[in-house]
Amino acid sequence: MSDFNIHYVAQLARIELTPEEEQKLGVQLGNILGYIAKLKEVDVAGVEPTAHAFPLVNVTRPDVATGSLPHDEAMANAPAKAGGLFVVPKIVE
Amino acid sequence: MLRHLTISGLTAKLARRECSAREALQACLDQLAAVDGQVRAFMSHDAADALAQADAADRDLAAGVTHAQKPLLGVPIALKDLLAHRGQPLNCSSKILGNYRSPYDATVVEKLKAAGAVVFGRLNMDEFAMGSSTETSAFQTTLNPWDLTRIPGGSSGGCAASLAANMAFGTIGSDTGGSIRQPAALCGVVGVKPTYGLVSRYGVTAFASSLDQVGPFGKDVRDAALLTQVLAGHDPRDSTSIPRPVPDYLAALVADGGPQPLKGLRLGLAKEYMVGGLDPDVDAAMQAAVKQFQSLGAEVVEVSLPHSDYAAATYYIIAPAEASANLARFDGIRYGARVTGKDPAELNAKTRGAGFGAEVKRRIILGTYVLSSGYYDAYYLRAQKVRTLIRQDFLKAFETVDAILTPTTPTAAFKVGEKSDDPLQMYLSDIFTISCNLAGICGISVPSGFTKATASAPRLPIGLQLLGRPFGEETMFRLAHAYERSTPWHMERSPLA
């Protein structure tokens, strides 16, 4: 898999890797991609894809307000919060 | 010993007031204290909360509540560490969740509580259910109670090991590619992967949403059927849950009787599964099981699942693709651990770099790649089409047979460390279990024998897998139950039990 660039894909996945991890995971993923390439052998002409074994479409519920988690309970696991909001580093200068 | 009882044995004793729910729980807690230092099945447990639930069950029993009303009244049931249990930790055996505590109950936990169960404990697993041995857990490797130098299977290894060591009366796990059936086989207990959509996934940390299904571990088929009964049913909070009445699974078991209770049923052996690489003891157990089913009246015929050889490759595209999307929620912003950065993107990358283990990183990166622009059609879309062919293979086979019979795993439990450095070899240990999830059908693993003891290994459990039609759990349980009743394997206990 010469076109598999682990550094680039890890960035897309928002995962910071050490150089050692890049090296090791790159080799392992190369082996795995080599294995899954066997799907190229299968004739899939005219076959519809399956996203779900039992696709249900347009699953809705009655338009009725129901209870939900209180604000403070929903925020209870936040790593940083203030005034009922999540705190994050500055996004816009 | 109280802890040796099955759920049906325990509920009979509770109903006769020969023991209390508190005593049943205490038997589990005592056993946990005695052996879990060696087995390491539990990440944590809240004894005070569990004792309060047991006391509430005892009050119900004293007030005349019956097991017909609450089928699990007073029965201690432990949970895999990915099921939300209000007020309790939930880590998915990962560092990235930090000190997370569930703010609500998963639907299956609500159902267990409504059925009177005493719900306790956080059972170890492979990180985010990605693995076949519990070795990818960020905290501990669970060991097999039959041989502490071996893995218990995975990802629900804590579920299987704790039950095999009698630290709970039943456990609840999840199965995305074999994560219930494989550890059940390797630990000598029963494990059920229900049909996709039978059990709600609300409050269950998602790995691969089109494959994940929650299911039970039991000491015998009856217990597993009873637990499935409690867990099953439509849930408006899970849009993939199927609105369909749940049959009476225990009634399907009682239908047995006579010397040939399986007369009229037909079992399939897939010729594609009869390939090399099977351990000789596993092969022998399989041959013996075929004879056993024939003696019970079932007809055994050969079937073909022509695309079997592509199941692992299909699975290792679809599952990582879905995982890469599902695990995007672990961003260090809303919950869990955080490693800060100069902007949110750097915060995300640093948090995920520090919080996820190697296997989870491998799968997220693989999934991101197969979904990325330019590769989507070649990998993901193609895999979805092969998935259609795999599903059609099974549906075609089920036109002629009621269930398909396979070994659950190609070998018995392997040694700790034996495959942990070779992810591809680890993936291929699931060859008999993954098609079931791709096809969305149901499966069960039941004890079917033991390996022969050798100089380097004691006798180790072997499992037999029955794969049933979509929503064919009744027939699957009936077959498994008749087999179990005619064989001694489920009666054997691990040395630590």
Side-chain angles (χ1 to χ4, degrees), chain A residues 1 3-6 8-18 21 24-26 28-29 31-56 58-62 69-70 73-81 86-91, chain B residues 98-101 103-104 196-197 210 236 239-240 242 307 310 312-314 316-317 324 328 331-338 340-350 352-353 356 358 361-362 364-366 368-369 372 379 381-389 391 423-424 427 439-440 470:
Chain A
M1 281 302 141
D3 59 351
F4 175 69
N5 180 337
I6 177 118
Y8 172 67
V9 182
Q11 272 185 336
L12 286 181
R14 295 260 175 103
I15 296 178
E16 187 177 274
L17 297 178
T18 64
E21 281 180 313
K24 191 171 181 190
L25 291 182
Q28 290 170 332
L29 286 168
N31 292 338
I32 294 163
L33 286 168
Y35 177 76
I36 64 182
K38 73 190 288 179
L39 288 196
K40 294 200 173 90
E41 299 165 10
V42 187
D43 180 5
V44 293
V47 178
E48 288 295 316
T50 295
H52 261 267
F54 306 100
L56 298 167
N58 296 338
V59 177
T60 59
R61 61 171 174 82
L69 278 183
E73 286 183 38
M75 300 280 302
N77 287 298
K81 60 189 165 182
F86 298 109
V87 174
V88 297
K90 190 182 271 187
I91 299 172
Chain B
N99 298 316
Y100 187 90
R101 281 183 182 264
Y104 61 89
Y196 186 81
S210 80
S239 63
T240 62
I242 310 283
H307 297 91
Y310 301 107
T314 303
Y316 282 101
I317 293 172
S324 72
D331 56 8
I333 305 276
R334 292 159 298 161
Y335 41 72
R338 172 185 288 191
T340 198
K342 66 180 186 319
D343 56 36
E346 190 184 277
L347 180 155
N348 297 155
K350 284 186 181 297
R352 290 157 65 81
F356 289 138
K361 287 176 182 170
R362 247 187 319 266
I364 292 175
I365 291 169
L366 179 59
T368 303
Y369 179 69
S372 62
Y379 288 108
L381 187 63
R382 175 168 281 266
Q384 286 189 312
K385 290 178 178 177
V386 181
R387 182 176 183 182
T388 301
L389 296 172
R391 177 166 161 76
L424 191 53
Y427 296 176

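In what follows, chains are A, B, ... by sequence order, proteins preceding strands, each numbered from 1.
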Between A/Glu21 and chain B, which part of the residue has a heavy atom less than 4.5 Å away: side chain, backbone, both or neither?
side chain
Between A/Ala13, A/Ala74, A/Ala80, A/Ala76, the one whose heavy-atom pairs under 4.5 Å with chain B are most numerous:
A/Ala13
Region of B/Ala328 in contact with chain A, defined by heavy-atom distances below 4.5 Å
neither
Under 4.5 Å, counting heavy-atom pairs only, tell me which of B/Tyr310, B/Tyr196, B/Tyr335 racks up the most with chain A.
B/Tyr310
B/Asp343, CG atom: more than 12 neighbouring heavy atoms under 6.0 Å
yes
If you round to the nearest 0.5 Å, how far is CD of A/Glu16 from CD of B/Glu346?
7.0 Å
B/Ala358 to A/Leu25 - nearest heavy-atom pair and separation
O-CD2, 4.0 Å
Roughly how far, to the nearest 0.5 Å, is NZ of B/Lys361 from CD1 of A/Ile6?
10.5 Å
Chain B contact via A/Lys81 - side chain, backbone, both or neither, heavy atoms under 4.5 Å:
neither
Applying a strict 4.5 Å limit to non-hydrogen atoms, the region of A/Lys38 in contact with chain B is both
Checking B/Asp331 against chain A: side chain, backbone, both or neither under 4.5 Å from a heavy atom?
neither
Under 4.5 Å heavy-atom distance to chain B, tell me which part of A/Ala51 shows up: side chain, backbone, both or neither.
both
Note, B/Pro423 side chain near A/Gln28 side chain (heavy atom, < 4.5 Å):
yes
Hey, is CD on A/Glu48 packed in by over 12 heavy atoms from elsewhere, all under 6.0 Å?
no
How are the rings of B/Tyr369 and A/Phe4 set relative to one another: parallel (under 30°), tilted (30 to 60°) or perpendicular (over 60°)?
perpendicular
Between OH of A/Tyr35 and OH of B/Tyr427, what distance do you get to the nearest 0.5 Å?
12.0 Å
Contact leader toward chain A among B/Leu366, B/Ile364, B/Thr340, where contacts are heavy-atom pairs under 4.5 Å:
B/Leu366
Please name the pair of heavy atoms, one in B/Arg382 and one in A/Val42, separated by the smallest distance, quoted to 0.1 Å.
NH1-O, 2.9 Å
Pairwise side-chain contact, B/Val386 with A/Val47, heavy-atom cut-off 4.5 Å (strictly under):
no
Considering only heavy atoms, which portion of B/Ala439 lies under 4.5 Å from any heavy atom of chain A: side chain, backbone, both, or neither?
backbone
List in chain and number order the residues that pass side chain to side chain contact (heavy atoms under 4.5 Å, CB included) with A/Glu73, two or more places apart in sequence or in another chain; answer none if no residue qualifies.
A/Leu69, A/Pro70, B/Arg86
Among the listed options B/Pro344, B/Ser210, B/Gly353, B/Ala349, the residue most often paired with chain A at heavy-atom distances under 4.5 Å:
B/Ala349
Minimum heavy-atom distance A/Ala53-B/Arg387, with the two atoms named:
N-NH2, 4.0 Å
One option among B/Lys342, B/Arg101, B/Arg362 has the most heavy-atom pairs under 4.5 Å with chain A, and it is B/Arg362
Quick check: closest heavy atoms across B/Gly332 and A/Pro79, and the distance to 0.1 Å?
O-CG, 3.4 Å
Is a donor on one side and an acceptor on the other found under 3.5 Å between the side chain of B/Thr388 and the backbone of A/Thr50?
yes
Quick check on A/Val59 against chain B: is it the side chain, the backbone, both or neither that has a heavy atom closer than 4.5 Å?
side chain
Specify which of B/Gly98, B/Gly336, B/Gly197 makes the most heavy-atom pairs with chain A at under 4.5 Å.
B/Gly336
Quick one: pull up CG in B/Leu424 and CG in A/Leu33 and give me the separation to the nearest 0.5 Å.
10.5 Å
Contact part of A/Leu39 toward chain B, heavy-atom cut-off under 4.5 Å: side chain, backbone, both or neither?
both
Within a reach of under 6.0 Å around CZ of A/Phe86, are more than 12 heavy atoms found that belong to other residues, nucleotides or ligands?
yes
Can you tell me which portion of B/Arg334 sits under 4.5 Å from chain A's heavy atoms? Options are side chain, backbone, both or neither.
both
Restricting to non-hydrogen atoms, name the atom on A/Asp43 and the atom on B/Leu389 that form the minimum distance, rounded to 0.1 Å.
O-CD1, 4.1 Å
Going by heavy atoms in the side chains, are A/Val88 and B/Leu347 under 4.5 Å from each other?
no
Taking all non-hydrogen atoms of both residues into account, name the closest pair between A/Leu56 and B/Ser239 and its distance.
CD1-O, 3.4 Å
pair A/Ile15-B/Thr368: side-chain heavy atoms closer than 4.5 Å:
no
Can you tell which of B/Ser372, B/Pro236, B/Ala313 has the highest number of heavy-atom pairs within less than 4.5 Å of chain A?
B/Ala313
